2 protein chains.
Amino acid sequence: MGKPTRVTNDIRALRFAAGEMTQAELADRVGLTRQTIIAIEQGRYSPSLEVAFKIARVFGVPLERAFGYPEEGS
Amino acid sequence: MGKPTRVTNDIRALRFAAGEMTQAELADRVGLTRQTIIAIEQGRYSPSLEVAFKIARVFGVPLERAFGYPEEGS
DNA sequence: ACATCGTGTCAAGGATCTTAGACATCTCGG
DNA sequence: CCGAGATGTCTAAGATCCTTGACACGATGT
């Protein structure tokens with residue numbers, strides 16, 4: 001078990017907003033496996049920066065719209 | 001030998017813009033080692049998304065200002 | 001000449017991300 | 001009922017990121 005990541009994401013919402021796009025389809029479009037999408041979507045770990053960029057591009061949104069990081073200090 | 005990353009970055013310029021900040025100091029502020037900063041700065045690999053967020057925060061800029069990803073298609 | 005600082009290299013090991021395959025559940029349509 | 005699609009779990013292995021420690025080199029200052 002890796003440590004839980006502090007990185008958050010909105011990709012489930014983005015998938016539905018993008019015409020009910022399925023996890024398998026997203027995985028295919030991004031060039032990843034379905035497993036990886038599930039794990040990221042659930043916040044089990046944070047993706048590499050490269051993968052994060054690819055995902056954001058699929059939805060046509062800026063990276064910081066798809067992924068978030070909590071404020072310092074708290 | 002990992003594969004060379006497509007992710008680009010501006011952290012060297014950002015360091016100098018932030019008062020001649022040194023690699024060691026940046027590493028310390030971000031909570032990484034100096035080695036990691038060097039490798040990222042040279043584009044030898046792309047950092048994790050979490051690390052990318054931390055670096056951008058140190059400079060007080062949005063993530064996409066510190067890191068870039070080339071356009072699709074070519 | 002000597003010490004110090006900033007940058008860089010190399011190698012080995014630990015931590016994290018990603019893949020592959022098998023399998024369970026739920027829902028929906030025939 | 002039965003099959004198919006979408007989501008999820010588990011395990012094991014491979015790839016990438018990150019660390020530790022040691023050492024090299026040029027520039028700067030005493």
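Quick note on labels: first sequence line is chain A, next is B, and so on, each numbered from 1. Side chains are part of it too, since the values below use all heavy atoms of this structure and drop only hydrogens, waters and symmetry mates. Worth saying up front: this structure is predicted, and the values here are computed from it rather than measured.
At a non-hydrogen distance threshold of 4.0 Å, A:Thr22, A:Gln23 from residues 16-30 of chain A come into contact with DNA chain D. Near-neighbour residues of DNA chain D inside residues 59-67 of chain B, defined by a heavy atom below 4.0 Å, are absent.
A:Gln23 CD to A:Ile40 CD1: the interatomic distance, rounded to the nearest 0.5 Å, is 11.0 Å. Atom-to-atom distance recorded for B:Gln35:CD and B:Leu32:CG is 11.5 Å, nearest 0.5 angstrom.
Side-chain contact between B:Gln42 and B:Ile38: present, with at least one pair of heavy atoms (C-beta onward) separated by less than 4.5 Å.
Note: CD1 (B:Ile40) to P (C:dT7) measures 15 Å, nearest angstrom. Distance CG (B:Leu49) to C1' (D:dC17): 13 Å, rounded to an integer number of Å. Distance B:Ile38 CD1 to C:dG6 C1': 9 Å, rounded to the nearest Å. Taking atom CD of B:Glu50 as the reference point, atom P of C:dC17 lies 8 Å away to the nearest angstrom. Taking atom CZ on A:Arg6 and atom C1' on C:dT16, their separation rounds to 15 Å, with Å as the unit. One interatomic measurement links the two molecules: CD of A:Glu41 to P of D:dA6, which rounds to 14 Å at whole-angstrom precision. Atom CD of B:Gln42 and atom P of C:dT7 are 11 Å apart (whole Å).
Checking B:Leu26, B:Ile11, B:Leu14 one by one against B:Met21, the side-chain contact (heavy atoms from CB on, under 4.5 Å) holds for a single residue, B:Leu26.
Under the side-chain hydrogen bond (donor to acceptor under 3.5 Å, both in side chains) criterion, B:Arg15 pairs with B:Glu41, not counting sequence neighbours. Under the side-chain hydrogen bond (donor to acceptor under 3.5 Å, both in side chains) criterion, A:Thr8 pairs with no residue, sequence neighbours left out.
Within the 4.0 Å cut-off from OP1 or OP2 of C:dC10, not a single side-chain nitrogen or oxygen of B:Arg44 is found. Between D:dG8 and A:Arg12, a contact under 4.0 Å exists linking OP1 or OP2 to a side-chain N or O. In this structure, B:Ser46 reaches the D:dC17 phosphate: one of its side-chain N or O atoms is under 4.0 Å from OP1 or OP2.
Of all non-hydrogen atoms in A:Arg65 and A:Val61, the two that sit nearest each other are CG-CB, 3.8 Å. Residues A:Arg34 and A:Ala24 approach most closely at CD-CB, 4.0 Å, considering heavy atoms.
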Under 3.5 Å donor-acceptor pairs involving side-chain atoms of residues 46-59 of chain A, not counting sequence neighbours:
unit_1	atom_1	unit_2	atom_2	d
A:Ser48	OG	A:Val51	N	3.2
A:Glu50	OE1	B:Thr5	OG1	3.4
A:Glu50	OE2	B:Arg6	NH1	2.6
A:Arg57	NH1	B:Tyr69	O	3.4
A:Arg57	NH1	B:Pro70	O	3.0
A:Arg57	NH2	B:Tyr69	O	3.0

Would you list the protein and nucleotides 19-22 of chain D atom pairs, both N or O, that sit under 3.5 Å from each other?
unit_1	atom_1	unit_2	atom_2	d
D:dT19	OP2	B:Thr33	N	3.0
D:dT19	OP2	B:Thr33	OG1	2.9
D:dT19	OP2	B:Thr36	OG1	2.4
D:dT20	O4	B:Gln35	NE2	3.1
D:dG21	O6	B:Gln35	NE2	2.1

